[in-house]
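The figures here come from the full heavy-atom set of this structure, side chains too, leaving out hydrogens, waters and symmetry mates. What you see is a predicted model, and the numbers here were worked out from it, not measured in a lab. One-based numbering, in listed order, for ligands and for the atoms of each.
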Amino acid sequence: GLPTGWEVRHSNSKNLPYYFNPSTKESRWEPPAETDTDKLKVYMAQNHTPAARPDASGEGEGKIRCSHLLVKHRDSRRPSSWREAEITRTKEEAIEILKGHEQRIQSGEITLGDLAVAESDCSSARKKGDLGFFGRGEMQKEFEDAAFGLQPGEVSSIIETASGVHLIER
Ligand SMILES: N=C(N)NCCC[C@H](NC(=O)[C@@H]1CCC/C1=C\[C@H](COP(=O)(O)O)NC(=O)[C@@H](N)Cc1ccccc1)C(N)=O
């Protein structure tokens with residue numbers, strides 16, 4: 001159904017078909033004016049199955065937004081925070097503290113964000129732990145894998161990174 005010289009191509013980045021004229025090098029999202037759209041629909045149905053969307057786990061899916069509550073310890077890569085100039089608690093103590101926070105969040109007594117304001121050793125505490133949107137490759141691997149494995153609104157188990165121990169809410 002396309003006028004001569006035009007062909008349909010597939011944009012992987014947008015997962016959409018587009019129309020291209022190799023001789024004029026023209027490309028457009030909409031079919032050219034003279035297209036017989038009824039025939040085009042048949043052609044597309046037969047020849048154009050859109051590539052499967054990356055799965056919801058975030059593989060190539062793009063960005064997600066998370067908040068987190070970080071408790072650092074003396075073996076953290078940077079054992080200092082806005083809360084405490086020199087952090088000396090052990091990793092085991094940090095985990096016990098975070099378990100206490102986890103129980104208060106799970107019981108519904110308080111949200112992760114409200115707890116992060118006073119308790120998180122990350123500078124995002126001032127933003128209720130909000131890290132904004134991020135894609136794969138930005139955060140430490142353990143953090144990234146846990147975050148991309150969460151459903152929206154879900155809170156992670158205790159996650160360990162070189163920064164310390166975290167609870168993550170997507
Ligand atoms: N949005 C981004 N791309 N920012 C760069 C993230 C770098 C990344 N950070 C981490 O993986 C951990 C998990 C989350 C926070 C974090 C660590 C630290 C605290 O640990 P520390 O570095 O003292 O060991 N907080 C941060 O980075 C903060 N800028 C996060 C933040 C603060 C305020 C507003 C937005 C984001 C990494 N690859 O190291």
State which residues pass side chain to side chain donor-acceptor pair (under 3.5 Å) with Asp130; sequence neighbours excluded, sorted by chain then number. Arg65

Checking Ser123 now: which residues fulfil side chain to side chain donor-acceptor pair (under 3.5 Å) with it, not counting sequence neighbours? none

Salt bridge or not between [X] and [Y]? Use side-chain N to carboxylate O under 4.0 Å.
X      : Y     : value
Glu102 : Lys99 : no
Glu84  : Lys72 : no
Asp121 : Arg89 : yes

Under 4.5 Å side-chain heavy-atom separation, chaining through any Ile, Leu, Val, Met, Phe, Trp or Tyr, what else clusters with Ile105? Say none if it is isolated. Leu69, Val71, Ile95, Ile97, Leu98, Ile110, Leu112, Leu115, Val155, Ile158, Val165, Leu167

Give every pair formed by an N or O atom of ligand 1 and a protein N or O atom closer than 3.5 Å, one pair per line with both atom names and the distance to 0.1 Å, or write none.
unit_1   : atom_1 : unit_2 : atom_2 : d
ligand 1 : 3 (N)  : Glu138 : OE1    : 2.8
ligand 1 : 11 (O) : Gln140 : N      : 2.8
ligand 1 : 11 (O) : Gln140 : NE2    : 3.2
ligand 1 : 20 (O) : Ser163 : OG     : 3.3
ligand 1 : 22 (O) : Arg77  : NH2    : 2.8
ligand 1 : 23 (O) : Lys72  : NZ     : 2.7
ligand 1 : 23 (O) : Arg78  : NE     : 2.9
ligand 1 : 23 (O) : Arg78  : NH2    : 3.2
ligand 1 : 24 (O) : Arg77  : NE     : 2.7
ligand 1 : 24 (O) : Ser163 : OG     : 2.8
ligand 1 : 38 (N) : Glu138 : O      : 2.8
ligand 1 : 39 (O) : Arg77  : NH1    : 3.2
ligand 1 : 39 (O) : Arg77  : NH2    : 2.9

